[in-house]
Trainee: 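Mind looking over this structure? Questions follow.
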2 protein chains.
Amino acid sequence: MENSKGHTILLVDDEPDILEFLSYNIRKEGYKVFTANNGEEGVKLTQQLSPSLILLDVMMPKMDGIETCQIIRKDLNITQPIIAFLTSRAEDYAQIAGFEAGADDYISKPIRPRLLLSKIESLLRRLDKSHGVVIDSDINSLKIDREKFLIEISGKQIILPKKEFELLELLASRPGKVFNREQILSIVWGNETIVGERTIDVHIRKLREKLGDEYIRTIKGVGYTFNEK
Amino acid sequence: MENSKGHTILLVDDEPDILEFLSYNIRKEGYKVFTANNGEEGVKLTQQLSPSLILLDVMMPKMDGIETCQIIRKDLNITQPIIAFLTSRAEDYAQIAGFEAGADDYISKPIRPRLLLSKIESLLRRLDKSHGVVIDSDINSLKIDREKFLIEISGKQIILPKKEFELLELLASRPGKVFNREQILSIVWGNETIVGERTIDVHIRKLREKLGDEYIRTIKGVGYTFNEK
DNA sequence: GTTTTCCATGATAAAATTATAAAAAAGGCT
DNA sequence: AGCCTTTTTTATAATTTTATCATGGAAAAC
């Protein structure tokens, strides 16, 4: 298994000097580094490389970082890579817009190599940890592999659509804990999106159809829970 | 001034801008707000302030939110404050680990002030209702698990409907204290709702059916109490 | 000892909540 | 464009929870 340093990092900035400075420092730590001079190139490379992390300059001519981020997240619907913005203090107004576009973090200029690297490590640590959920018990065994978007239930492998997968993953992450609808909505759907009252039910039903009824239990008036035993 | 707004809230985020944005909005509502720039500081302030609520950014350099949460909950064994994570949608892989670390809820970015405040209120309301009750004595042992919405009575686990659960939780929160009908109504049912005279009796009866008669005692003309021993 | 008040109980009605099916809408893919 | 999949909405059924009511009995007041 690749270690934490085996990740691919994509840098997008219109300043060649900054690109060089960053790539030198990051590459030194053992990461695979690729660079793009503008947003378009950044998008293209993202599709080709599927990097673990994208460092994106906010201020760029033509297509700025926020647009680029939006295209990657919303248009291409690529959620795997972590996207962090490079921004100078004066640009902090961009932060709110940035998060809405799907940014994970901000790194403000001037950039200190030490701090940058520790941020990169912390951002990537999450990725490494998140290889899946495994639940084992007497009656049911469930493996959730979020890299392959695949679950294995007592030997059978099932591919679930995104929403169903995320919903199951959430519930199974804490068997026994009751998640109420509000929590489910804000975590699986996000605070931005507004969906109707019965949407969760339908996804629960589809999960039950595919997994069997014994996994997810309804606590009426409260929420849903993944059965412990 | 000791209304529901008298609570202390601790914000932990490495981005000064976000800290300012959040603290401004929360402070405006009358809460006491403190801030920390990193996990270590967050832990330290938690020990000193014992805040009611901690809003913790997931992504932070060096020590991230999940580690911070873990230290507070597992190492220091501090269970009082409610811990909610601030996270962006794209970080959903982190959310799984978060609940295991002892998080109570997630608030996903982008954060809209209105929604944030209503979430804060609902989280604090939970605190007032006690986070979990354990009663141990010679005759009876009772565990009330709010997270799992489940009670355990001398080994047996029982799932109670919402109202019954809340009624039991109230009575058991202060064994020996006699709650009169007015108090019970205003806490379990809320001041707005008006229900008939005999409603409480019926719920008490159902609880006694499920738990046994020895737990809840009637004080005629006054109210009900949870038996101490 | 009788009256009065208050609560317990079971049956029943009402309300709230969720399940289900089917269709529409929104994306994806070739 | 056309076809397939996923997601959301809508409408209705089923279920569970909650509230009400009527009755009888026990305790308290007289």
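Atoms considered below: every heavy atom in the structure, side chains included; atoms not considered: hydrogens, waters and symmetry mates. Here is how names work: the chains are called A, B, and so on, in the same order as the sequence lines, proteins then strands, and each is numbered from 1.
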Trainee: Parallel, tilted or perpendicular, judged at 30° and 60°: which one describes the rings of B:F149 and B:F165?
Mentor: parallel
Trainee: In this structure, how many angstroms lie between the C1' atom of C:dA19 and the CG atom of A:L207, rounded?
Mentor: 14 Å
Trainee: Rounding to an integer number of Å, can you tell me how far B:R181 CZ sits from C:dC6 C1'?
Mentor: 8 Å
Trainee: Distances under 3.5 Å between protein N/O atoms and the N/O atoms of nucleotides 16-18 of chain D, please, pair by pair.
Mentor:
unit_1 : atom_1 : unit_2 : atom_2 : d
D:dT16 : O4'    : A:K220 : NZ     : 3.0
D:dT18 : OP1    : B:K163 : N      : 2.9

Trainee: Distance check needed: D:dT23 C1' versus B:R205 CZ, whole Å only.
Mentor: 13 Å
Trainee: Measuring from the side chain of A:R198 (C-beta onward, heavy atoms only), which nucleotide among C:dA19, C:dT9, C:dA21 has the closest atom?
Mentor: C:dA19
Trainee: Hey, does the side chain of A:T218 come within less than 4.0 Å of C:dA19's phosphate (OP1/OP2), counting only N and O?
Mentor: yes
Trainee: Quick check: do B:D64 and B:V58 have side-chain heavy atoms less than 4.5 Å from each other?
Mentor: no
Trainee: Report which part of the nucleic acid A:Y224 touches: base, sugar-phosphate, or nothing (heavy-atom distance under 4.0 Å, all strands).
Mentor: sugar-phosphate
Trainee: For A:D201 and C:dA21, give me the distance from atom CG to atom P, rounded to whole Å.
Mentor: 13 Å
Trainee: Check the angle between the aromatic planes of B:Y106 and B:F85 and answer parallel, tilted or perpendicular using the 30° and 60° thresholds.
Mentor: perpendicular
Trainee: Among B:V12, B:D13, B:I26, B:L10, find the one that has a side-chain contact (heavy atoms from CB on, under 4.5 Å) with B:L55.
Mentor: B:I26
Trainee: Does the gap between the ring centers of B:F179 and B:Y224 come in under 6.0 Å?
Mentor: no
Trainee: Under a 4.0 Å threshold between the charged nitrogen and the carboxylate oxygen, would A:K62 count as salt-bridged to A:E67?
Mentor: no
